[in-house]
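Accompanying notes for the structure given below.
In the text below, chain A, chain B and the rest are named by the order of the sequence lines, each starting its count at 1.
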Number of protein chains: 2
Amino acid sequence: MSPYDPSAFPPFAVTVDLVVLTVRRHALCALAVRRGEPPFQGRWALPGGFVKVDEDLSAAAARELVEETGLCAHDPDSPVQANGAHLEQLATYGDPKRDPRMRVVSVAHLALAPDLPAPRAGGDANSARWAPVDALLTHGGYGREGEQAAPLAFDHAQILSDGVERARSKIEYSSLATAFCPPEFTVGELRRVYEAVWGVALDPRNFHRKVTGTPGFLVPTGGTTTRQGGRPAQLFRAGGATLLNPPMLRPDV
Amino acid sequence: MSPYDPSAFPPFAVTVDLVVLTVRRHALCALAVRRGEPPFQGRWALPGGFVKVDEDLSAAAARELVEETGLCAHDPDSPVQANGAHLEQLATYGDPKRDPRMRVVSVAHLALAPDLPAPRAGGDANSARWAPVDALLTHGGYGREGEQAAPLAFDHAQILSDGVERARSKIEYSSLATAFCPPEFTVGELRRVYEAVWGVALDPRNFHRKVTGTPGFLVPTGGTTTRQGGRPAQLFRAGGATLLNPPMLRPDV
DNA sequence: GTGTTTATCGTCAGGCAGACGACTATGATC
DNA sequence: GATCATAGTCGTCTGCCTGACGATAAACAC
């Protein structure tokens, strides 16, 4: 590493951007905010903001997450908090031209959250909403009446795409899919998470055998529920296991 | 994202650090450089440097890789170049205290290279060398006569550890292990790569069946070699497949 | 009660991995 | 040149896991 001659390095702005995913109505959705100022004024974008001087990157991401959703992020290692979401670093985007005004390096983070009430529009965004990732990726989240179809701001389509791909692959070999579920959930609800994230249909019987047979994945709470209709289903909580071995298999691929 | 009021965001220095891995003498080794200036003067560190004003992050990483090793990085998508190495972004480290002098955010990259001649000490490093990752992680690469045992500089032990873990897991489900091999290699050489990276012994017969039976993983070149002693072995090149399905299975875990 | 929906248990066949035997082809050693 | 050591390659067998189902159970809507 070079010596820190102050004239030797250019100054960068560093931001965090968030890919916040959830499953609503059988669809994988992401949190999008509408930009209030140029550039890309009026366009949908991922939530994010500047990292503060004395703030760690993960702390900045957690702060933005709270500001936008009220969700409290928790480390994978620390005990799960109520209303908590999974948060992890995704990747860093630093193309010199990604922001037309100046050199900005954005450290994108991925958050997985259970289905939530409508988001609160936070900070500088005119509004915020959940939108299906397909819609966000193909035409920037068009969906409101009279709204112009336009891609996401900056390189946020790329970031979102990378985040979705990370989520899709990570639920294969980890228990992360439970992060999309409420604290107690049924096997069927977990299966619908997999189906929404992967966009495939899974056999309920084989899925049931697989998840209940994987040690540490699910622990029964004793209760049952009938909120999905049909025969009452057992309720489970996420077990201690974080890595699934052998993994869940995604059809096709 | 906030408006770009120039007083609203603090300036950061952005660097790239490299975890360059190779397999030498049946051991997974990483490239380490000795720091020439404080802080951590005289200690071993990962190669790296500042990102230039108009330089993409991946371009900065590729530039540092050439400066340190002479290796030419290639995209996973683009055709393989002679003497090329695999290069990918690893993670970004931005703890406010990770550098005692100022706020530095480092975008770490992971490079996988075939066994190379001795590295050239580049730029500001007094010297550079390959060292087994175990040694680097436990006592900072102590190994030369009379050298003091000391951890790697900055948070480079953490970065190296993350890079090694990435490599260990990625050769499970991708054909990346071939990046550690010369352009033509035998099944046995590829197996020794897996054994070195994972630190386990693999059954030669089952390994042979697995890799030759995975479509697109290996393509025979027709030639044979006897450089390892014993019966001559068929030579292969890396096939077009990048994802192994089903993956290689790491024993134990 | 009948039909619908969802949950859960079972069965069966095919595929793949681990364990390991057997044979082949080279160089090294006596 | 016979023997040995080393490494490569092909087969066999067994057990586990998965995918494709059938069948039963327990709720709700009419």
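- With respect to R237(B) and E184(B), no salt bridge is recorded, no charged nitrogen being found less than 4.0 Å from a carboxylate O.
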- With salt bridge (charged side-chain N to carboxylate O under 4.0 Å, His left out) as the test, would you mind laying out the steps for K210(A) and E172(A) before giving the verdict? CA-CA 12 Å; K210(A) 172 70 176 172; E172(A) 289 187 45; over 6 Å; no
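- Here the side chains of E64(B) and H109(B) are not in contact, with every heavy-atom distance at 4.5 Å or above.
- The number of heavy-atom neighbours closer than 6.0 Å to CZ of R25(B), taken from other residues, nucleotides and ligands shown, is 12 or below.
- Of the residues near DNA chain D, R209(A) and G230(A), the one whose nearest nucleotide (by heavy atom distance) lies more toward the 5' end is R209(A).
- Two rings, from F207(A) and Y194(A), have their centers less than 6.0 Å apart.
- Looking at T225(B) and T186(B), their side chains come closer than 4.5 Å, going by heavy atoms from C-beta outward.
- Residues W198(A) and R168(A) meet the side-chain proximity criterion, which asks for heavy atoms closer than 4.5 Å.
- Residues passing the side chain to side chain contact (heavy atoms under 4.5 Å, CB included) test with S161(A) are L137(A), sequence neighbours excluded.
- DNA chain C is contacted by D203(B), R205(B), N206(B) of residues 184-208 of chain B, taking any non-hydrogen atom closer than 4.0 Å.
- Using a 4.0 Å cut-off, no side-chain N or O of K210(A) falls inside it from OP1 or OP2 of dC17(D).
- Running 5' to 3' along DNA chain C, contacts with non-hydrogen atoms of chain A at under 4.0 Å begin and end at dT5(C) to dT11(C).
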